[in-house]
Amino acid sequence: MLPNYISQLMVEAIKKAQKKGELPAFDIPAIVIERPKDPSHGDYATPVALGLARYARMAPVQIAEKIIKRVKAVDFIDEITVAHPGFINVRLSTAWLAQQVETILAEGDQFGHIELSDKKVQVEYISANPTGPLTVGSGRNAILGDTLANVLAAAGYDVQREYYVNDVGTQVDNMGKALYARYAQALGQGVPNPDEYQGYYLVEMGQVLAADVGDQYLHVDEADALAFMRRYALDGIIASLKEDAALIGVEFDRWFSEQSLYDDGTYGKVFNFLSQRNMILERDGAIWLKSDDENDKENVIVRSDGRPTYFASDIAYVYNKLNIRGFDWAIYVWGADHHGHVKRVKKVTEVLGEDPDKIEIILYQLVTITRDGVPVRQSKRTGDFITAREVVEEIGADAFRFMLLTRSADSQMELDLTLATKQSNENPVFYVQYGHARIASIFRKAEEEGATMDGGDVALLTHPSELDLIRQMLRLRETVADVVETLGPHQLTYYAQDLASAFHAFYRDCRVVTPEDPAITAARLKLVNAAKITLANTLRLMGMSAPERM
RNA sequence: GUCUCCGUAGCUCAGUGGAUAGAGCGUUUGGUUGCGGACCAAAAGGCCGUAGGUUCGAAUCCUACCGGGGACGCCA
């Protein structure tokens with residue numbers, strides 16, 4: 001990638017200048033390459049000379065002069081200049097820029113893919129309790145995780161997408177009880193409804209079940225009936241979660257069962273390991289994970305009734321990810337309400353003898369839902385919550401994804417349902433998609449006129465708006481790298497808007513289909529085709545459609 | 001009380017130590033007898049919460065304080 005090349009050129013130039021005695025000896029620091037905000041400063045810039053002033057004991061401008069004198073000539077750079085107070089500005093060659101259109105056309109839907117790493121990474125996201133439909137809050141989790149997975153794949157990683165199904169524990173037990181009550185009620189029995197999971201979906205499920213199997217579960221042992229209810233409810237909910245996820249373009253490679261960690265012996269293995277290392281203790285009838293740090297809290301892993309806690313599962317799960325399945329990197333996407341759990345999981349990873357740097361936990365701030373400014377409670381237990389499906393049916397999956405992706409994970413967001421539906425037509429995603437559709441329209445026009453891009457000479461692309469568009473297209477690779485580095489997929493939404501904006505400005509300035517000038521027509525058709533590819537690839541990374549018409 | 005995230009234009013938000021702090025929406029004004037006006041251009045709008053510190057340079061890093069969200073369970 002360009003910034004890396006430029007950085008390398010600078011390092012070589014500094015070394016050369018040092019060898020020639022033009023600069024004193026010092027260790028060369030990491031060289032920051034940035035894109036200047038002001039276009040008059042060129043395409044890339046580095047403040048490296050400013051930082052070197054103290055080591056070289058020279059004025060930054062002088063250092064910069066000495067560096068640029070030793071930068072070797074390369075085809076993609078037109079000129080390198082020094083600007084006060086010591087910036088080195090790099091301007092790309094316009095001929096080289098124009099030539100990149102051919103590169104983009106050749107790469108096609110692979111444009112934007114970079115070979116950053118081929119490591120095996122897992123992204124685990126959503127992983128909401130399987131006790132009800134996908135909520136809007138989980139929607140944010142879904143979009144963050146899914147987009148990040150897309151970008152990691154584009155960066156060369158071997159990506160696996162996983163949903164961790166919490167099919168063990170109190171919550172699913174309660175759901176089983178609730179379904180049992182709904183089932184009994186559907187049969188006219190007055191079984192007291194446990195004050196848990198009052199969602200409509202369990203009422204419906206109970207009715208369907210009653211119609212399917214009759215009253216047989218009223219006559220079996222209650223424990224057996226509950227076990228069946230639990231399993232039945234889980235299967236039903238998981239199936240509907242898959243549908244909800246698919247509705248927003250999210251699909252997983254694997255739905256990983258928490259229960260399986262107990263069934264296949266993983267939990268037993270890590271428990272023995274911790275036990276042998278004297279990492280656990282018994283108190284008040286429960287088993288706790290010791291802490292070597294006085295300030296750190298101890299955590300229960302087995303309750304006094306013998307049932308393991310979710311933390312016990314998490315220990316086994318991280319072992320499963322890193323040791324058994326051998327992921328080089330495991331990314332978790334969690335709501336900020338789980339932040340207290342981060343330290344524990346990192347710690348126990350280390351205790352298990354794994355590298356805690358191999359796990360990365362992305363926390364996103366919770367979404368507050370309001371309707372006409374009034375907060376809407378979000379509780380699966382009371383059945384009082386807004387589902388992702390409801391909102392998607394109102395505004396569409398693309399607008400839904402864009403809305404939740406635009407803000408950084410750190411930023412807490414308020415989503416007003418009334419406002420979101422009212423303003424959905426001005427969602428920026430349509431601006432980006434409009435660019436794509438407009439290009440499709442240009443090609444329809446070109447076909448009418450009998451014009452094609454065959455034989456187009458991209459060297460004819462010299463208009464400032466043409467070159468600006470190419471510059472924006474080339475930013476896709478850098479954006480992919482930035483998203484991986486910062487784990488901030490929201491950057492894509494801003495890039496997409498910049499790219500679309502550059503296209504629309506080009507469209508204003510340059511006519512593409514001009515029958516009296518077939519040469520420029522062909523060259524510009526190549527350009528807009530490359531822009532179409534870039535827009536489509538960007539939209540695809542964000543999990544959104546690229547329409548031909550809208 | 002401890003931990004954590006946030007505070008940037010009227011609103012919603014970008015901005016991983018660099019040059020004159022940006023975008024969208026909203027407001028005002030203008031634009032194409034030609035490829036889609038879901039577009040383009042211009043203007044107005046800012047003690048970057050407050051106060052110190054670190055340094056050549058701070059919206060960005062550190063400390064304290066103010067204001068808002070979240071977490072501190074044998075729930076997940």
Side-chain angles (χ1 to χ4, degrees), chain A residues 32 34 36-38 40-41 45-47 50-51 53-54 59-60 83-87 89 127-129 131 164 166 168-172 174 258 283-288 295 297 299-311 313-314 334-343 363-366 368 381 403 406-414 416 419 423 425-428 430-431 433-435 437-446 448-449 451 482 485-488 490-491 493-494 497-498 500-501 503-505 507-515 521 524-525 528 549-550:
Chain A
V32 177
E34 55 193 27
K37 279 169 284 195
D38 184 342
S40 73
H41 293 143
T46 175
L50 294 164
R54 57 172 12 180
H84 192 78
F87 289 97
N89 293 332
S127 301
N129 259 342
T131 53
Y164 177 56
N166 302 115
V168 179
T170 315
Q171 302 304 320
V172 284
N174 287 341
E258 177 180 359
R283 190 202 310 145
D284 305 331
I287 296 172
W288 304 65
N295 303 323
K297 260 180 26 167
N299 297 286
V300 171
I301 53 177
V302 184
R303 299 178 180 91
S304 46
D305 66 5
R307 294 153 59 227
T309 63
Y310 76 99
F311 183 49
S313 302
D314 279 350
W334 285 353
D337 53 337
H338 289 65
H339 98 265
H341 191 48
V342 172
K343 213 168 140 187
L363 293 178
Y364 63 94
Q365 300 298 313
L366 299 183
T368 340
R381 196 184 57 73
M403 181 178 67
T406 313
R407 293 164 182 84
S408 91
D410 277 341
S411 149
Q412 52 197 73
M413 58 184 290
E414 186 181 299
D416 191 284
L419 224 56
Q423 296 180 342
N425 59 331
E426 57 198 39
N427 188 301
F430 299 122
Y431 176 76
Q433 292 177 324
Y434 181 61
R438 216 177 194 184
I439 296 172
S441 169
I442 293 173
F443 275 99
R444 288 192 292 268
K445 175 75 178 178
E448 280 175 28
E449 303 285 337
D482 279 350
E485 194 184 324
T486 60
L487 299 178
H490 66 282
Q491 293 181 74
T493 64
Y494 292 92
Q497 292 178 78
D498 289 345
S501 175
F503 166 71
H504 289 305
Y507 182 88
R508 172 204 60 209
D509 292 336
C510 303
R511 178 159 179 102
V512 177
V513 183
T514 44
T521 299
R524 285 183 176 159
L525 281 173
V528 296
R549 296 172 198 270
M550 53 192 289

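In what follows, chains are A, B, ... by sequence order, proteins preceding strands, each numbered from 1.
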Looking at the side chain of [X], which of [options] is the nearest nucleotide?
X: A:Leu50; options: B:A38, B:G18, B:C35; value: B:G18
X: A:Tyr494; options: B:C35, B:G18, B:C13; value: B:C13
X: A:Ala83; options: B:A19, B:A14, B:U55; value: B:A19
X: A:Arg438; options: B:G18, B:A38, B:C39; value: B:C39
X: A:Tyr431; options: B:C40, B:G36, B:C13; value: B:C40
X: A:Arg54; options: B:U55, B:A14, B:C6; value: B:U55
X: A:Met550; options: B:C35, B:G26, B:G36; value: B:G36
X: A:Pro428; options: B:U55, B:G24, B:U16; value: B:G24

### Query
Hey, mind stepping through A:Met413 and A:Tyr364 against side chain to side chain contact (heavy atoms under 4.5 Å, CB included) and telling me if it holds?
CA-CA 10 Å; A:Met413 58 184 290; A:Tyr364 63 94; over 6 Å; no

What interatomic distance, in whole Å, is found between [atom1] of [M] and the corresponding atom of [N]?
N: B:G67; M: B:G53; atom1: P; value: 24 Å
N: B:C25; M: B:C61; atom1: P; value: 30 Å
N: B:U60; M: B:U16; atom1: P; value: 11 Å
N: B:U54; M: B:G17; atom1: C1'; value: 11 Å
N: B:G49; M: B:A59; atom1: P; value: 10 Å
N: B:G73; M: B:G15; atom1: P; value: 33 Å
N: B:G26; M: B:C11; atom1: P; value: 16 Å
N: B:G70; M: B:A76; atom1: C1'; value: 16 Å

Round to a whole Å and report the spacing from [atom1] of [X] to [atom2] of [N].
X: A:Glu449; N: B:G36; atom1: CD; atom2: P; value: 10 Å
X: A:Tyr434; N: B:C40; atom1: OH; atom2: C1'; value: 11 Å
X: A:Asp38; N: B:G18; atom1: CG; atom2: C1'; value: 14 Å
X: A:Leu363; N: B:C5; atom1: CG; atom2: C1'; value: 9 Å

### Task
Give me the ring orientation class for A:His490 and A:Tyr494: parallel if the planes are under 30° apart, tilted from 30 to 60°, perpendicular past 60°.
perpendicular

### Query
Has A:Arg549 got more than 12 heavy atoms of other residues, nucleotides or ligands less than 6.0 Å from its CZ?
no

### Query
Of A:Arg549 and A:Thr486, whose nearest nucleotide on RNA chain B comes first from the 5' end?
A:Thr486

### Query
RNA chain B: A:Ala500 or A:Pro36, which has the more 5' nearest nucleotide?
A:Pro36

How would you label the contact of [X] with the nucleic acid (heavy atoms, under 4.0 Å): base, sugar-phosphate, or nothing?
X: A:Ala440; answer: nothing
X: A:Asp482; answer: base
X: A:Asn89; answer: base
X: A:Arg407; answer: sugar-phosphate
X: A:Glu448; answer: nothing

If I take atom [atom1] from residue [X] and atom [atom2] from residue [Y], how far apart are they, to the nearest 0.5 angstrom?
X: A:His504; Y: A:Gln497; atom1: NE2; atom2: CD; answer: 10.5 Å
X: A:Tyr310; Y: A:Asp314; atom1: OH; atom2: CG; answer: 7.0 Å
X: A:Arg303; Y: A:Ile301; atom1: CZ; atom2: CD1; answer: 12.0 Å

Ring centres within less than 5.5 Å and planes less than 30° apart: is that true of [X] and [N] in this structure?
X: A:His41; N: B:A19; answer: yes
X: A:Phe87; N: B:A19; answer: yes
X: A:Tyr507; N: B:C35; answer: yes

Within the structure, does a side-chain N or O atom of [X] lie under 4.0 Å from either OP1 or OP2 of [N]?
X: A:Ser411; N: B:A14; result: yes
X: A:Ser441; N: B:G36; result: yes
X: A:Lys37; N: B:A21; result: no
X: A:Arg508; N: B:A41; result: yes

### Residue pair A:Ser408 / A:Asp410, side-chain donor-acceptor N/O under 3.5 Å
no

### Task
May I ask you to check whether A:Thr131 and A:Gln171 show a side-chain donor-acceptor distance below 3.5 Å?
no

### Message
Among A:Val300, A:Val302, A:Val168, A:Ile287, which residue satisfies the side-chain contact (heavy atoms from CB on, under 4.5 Å) criterion with A:Thr309?
### Response
A:Val300

### Message
Can you tell me the base-pairing partner of B:A38? Count Watson-Crick or G-U wobble geometry only, both distances below 3.5 Å, and say none if there is no partner.
### Response
none

### Message
Looking at B:C25, which nucleotide sits across from it as a Watson-Crick or G-U wobble partner, both distances under 3.5 angstrom, or is there none?
### Response
B:G10

### Message
List the residues meeting side chain to side chain contact (heavy atoms under 4.5 Å, CB included) with A:Phe443, not counting sequence neighbours, and say none if there are none.
### Response
A:Ile439, A:Leu525, A:Val528, A:Asn529

## Note on the structure
5' to 3', nucleotides 69-76 of chain B under a 4.0 Å protein heavy-atom cut-off (B base, S sugar-phosphate only, - none) gives BBSSSBSB

